[in-house]
Amino acid sequence: MTLVHCRHVARDCKLPLWIVGVSIEYFGDRRLLGALHLAQRLQPRSTAVVLCNPFGEEASRGHRTFRVLATQLERLGYSVLRFDYTGTGDSLGDSEDATIDAWLADIGAAAEHLRTATGIARITLVGLRFGATLAALATARGVLRARHLVMWDPIVEGRSYLAELVAQHEAYMRDEIGPTWTDRRGMRADGSPMEALGAPISAALAAELAAIDLGTTTPAMDTCTVIQTRPAPGADRLRTRMPPGSQWIEMADDTAWNSDAALNAMVVPMEIVKTVIARIEKSSP
């Protein structure tokens with residue numbers, strides 16, 4: 001067994017590797033890097049779980065939370081796949097060529113890889129922030145049907161999200177460099193950013209983001225859970241479109257995971273993690 005202790009895996013190494021029982025391997029035509037957590041029970045549960053990353057810097061900040069969530073689920077008998085979208089993390093592809101459609105196809109490829117690895121047909125999708133939005137869109141656009149869609153603080157309005165990314169980037173740079181910092185990245189005529197905290201945003205991706213509105217989307221799933229820890233533009237409209245049997249859970253705002261400090265600290269919002277697990281157990285015993 002090879003033990004790997006770093007976040008990133010060298011792309012020229014021999015895969016799969018193992019991190020304490022977790023298989024690290026590339027899969028799919030676009031060579032996505034995934035971390036497969038196989039259920040630690042002889043009798044597996046009735047669903048397998050795909051975790052959908054947030055966008056950009058939030059994916060790095062949420063890495064520890066998703067790893068803890070996956071580990072907890074595998075101990076309870078659920079097989080789980082964490083993965084990086086095309087052009088992000090350690091997956092292949094150019095980040096400047098990223099598109100929403102490609103990332104939705106990646107979610108479909110991840111679900112198929114997990115089905116093949118486990119023999120379990122039903123898939124639960126858990127998405128954090130923009131990952132929740134992508135998970136919902138993947139089901140709405142026919143990539144797959146989810147047994148359970150769990151959306152943790154989903155981005156409902158893409159145009160508002162672009163404005164949020166601009167504000168986050170400016171706040172971070174002024175905090176690091178000082179109030180004299182000026183943005184030399186340049187903004188497009190439509191006000192969309194070319195970059196957000198190191199993540200490039202092409203004109204095509206910005207246009208796709210701006211067009212997103214979950215408030216007019218109908219995801220395809222058997223059941224749905226939304227966990228909301230903060231107000232979000234369009235959230236009320238999304239709530240009115242929730243199908244019967246869905247659950248909308250409001251919890252205390254715990255943004256400790258979404259900070260630079262969280263990258264070097266054992267910070268995980270465990271109450272929210274426990275709530276996600278409880279909802280999965282209820283829908284798929």
| Checking Arg129 side chain against Pro154 main chain: does a donor-acceptor pair fall under 3.5 Å? | no
| task | Give, for atom CD1 of Ile123 and atom CD of Glu112, the distance between the pair rounded to the nearest 0.5 Å. | result | 8.5 Å
| Which atom pair, heavy atoms only, marks the closest approach of Trp152 to Ala132? | N-CB, 3.9 Å
| said: Side chains of Arg141 and Ile100, heavy atoms from C-beta outward: is any pair under 4.5 Å? | reply: yes
| Which residues share a ring-ring contact (aromatic ring centres under 6.0 Å, His included) with Tyr85, sequence neighbours left out | Phe83, Trp103
| task | Inspect the contact between Asp222 and Arg147 and indicate whether a charged nitrogen and a carboxylate oxygen are less than 4.0 angstrom apart. | result | yes
| query | Rounded to the nearest 0.5 Å, how far apart are CZ of Phe27 and CG of Leu81? | reply | 5.0 Å
| query | Between the side chain of Thr47 and the main-chain N/O of Thr124, is any donor-acceptor distance below 3.5 Å? | reply | yes
| field | Ser95 versus Gly87, closest heavy-atom pair with distance | value | CB-O, 3.1 Å
| field | Side chain Ser91, main chain Asp84, donor-acceptor under 3.5 Å | value | yes
| query | Would you say the side-chain atoms of Arg30 pair up with the backbone N or O of Ala102, donor to acceptor, closer than 3.5 Å? | reply | yes
| Can you list the residues that meet the salt bridge (charged side-chain N to carboxylate O under 4.0 Å, His left out) rule with Glu96, with sequence neighbours excluded? | none
| task | Write out all pairs satisfying ring-ring contact (aromatic ring centres under 6.0 Å, His included) with one or both partners inside residues 124-143, taking only residues at least two apart or from two chains. | result | Phe130-Tyr161
| query | Can you get from Leu73 to Ile120 by hopping between Ile, Leu, Val, Met, Phe, Trp and Tyr side chains that sit under 4.5 Å apart? | reply | no
| message | Could you go through Ile212 and Glu157, starting from their C-alpha distance and side-chain angles, then the distance that decides it, and tell me whether this counts as side chain to side chain contact (heavy atoms under 4.5 Å, CB included)? | response | CA-CA 6 Å; Ile212 290 174; Glu157 297 179 354; over 6 Å; no
| message | Has Arg45 got a side-chain atom pairing as donor or acceptor with Leu76's backbone, closer than 3.5 angstrom? | response | yes
| Got Lys274 and Ile277 here, is their nearest side-chain heavy-atom distance under 4.5 Å? | no
| Atom pair CD1 (Ile155) and CG (Asp213), whose distance is rounded to the nearest 0.5 Å | 12.5 Å
| query | Is Arg61 paired with Glu58 through a side-chain N to carboxylate O contact shorter than 4.0 Å? | reply | no
| task | Give me the one residue out of Thr229, Ile272, Val150, Thr275 that meets side chain to side chain contact (heavy atoms under 4.5 Å, CB included) with Ile249. | result | Thr275
| query | Do you know the tightest heavy-atom contact between Ala232 and Gln228? | reply | N-NE2, 3.8 Å
| query | Are Leu238 and Leu125 connected in a single hydrophobic cluster, I mean Ile/Leu/Val/Met/Phe/Trp/Tyr linked by side-chain heavy atoms less than 4.5 Å apart? | reply | yes
| request: State, with a plain yes or no, whether a side-chain heavy atom of Trp257 is found less than 4.5 Å away from one of Val273. | output: no
| field | Straight-line distance of Arg122 CZ to Leu144 CG, nearest 0.5 Å | value | 14.0 Å
| query | Does the Arg241 side chain pair with the main chain of Thr217, one donor and one acceptor, at a distance under 3.5 Å? | reply | yes
| query | Do Leu137 and Val226 belong together in a cluster built from hydrophobic side chains that touch within less than 4.5 Å? | reply | yes
| message | Do Leu134 and Cys52 make a side-chain contact, defined as non-hydrogen atoms from C-beta onward lying under 4.5 Å apart? | response | no
| CA sep, side-chain torsions, deciding dist, call: Val68, Met270, side chain to side chain contact (heavy atoms under 4.5 Å, CB included) | CA-CA 9 Å; Val68 169; Met270 283 306 299; 3.8 Å; yes
| query | If you round to the nearest 0.5 Å, how far is CG of Leu114 from NE2 of His37? | reply | 11.0 Å
| field | Crowding at CG, Asp94 (>12 non-hydrogen neighbours, <6.0 Å) | value | yes
| Okay, side chain of Thr139, backbone of Ala136: is any donor-acceptor separation there less than 3.5 Å? | yes
| said: Distance check, rounded to the nearest 0.5 Å: His148 atom NE2 versus Arg279 atom CZ? | reply: 5.0 Å
| task | Look at atom CZ of Arg159 and say whether more than 12 heavy atoms of other residues, nucleotides or ligands are closer to it than 6.0 Å. | result | no
| message | Minimum heavy-atom separation for Ala70 and Val80, please, with both atom names. | response | CB-CG1, 3.8 Å
| Any sub-3.5 Å donor-acceptor pair from Ser23's side-chain atoms to Leu36's backbone N or O? | no
| Nearest heavy-atom pair of Thr65 and Pro269: which atoms, and what distance? | OG1-CD, 3.4 Å
| said: Taking CG in Asp236 as the centre, count heavy atoms belonging to other residues, nucleotides or ligands within less than 6.0 Å. Is the count above 12? | reply: no
| Donor-acceptor pair, side chain of Asn53 and main chain of Ala59, under 3.5 angstrom | no
| said: To check you understand the geometry: which heavy-atom pair defines the closest contact between Asp101 and Glu208, and what is its length? | reply: N-OE2, 3.9 Å
| Under a 4.5 Å cut-off applied to non-hydrogen side-chain atoms, are Ser192 and Ile201 in contact? | no
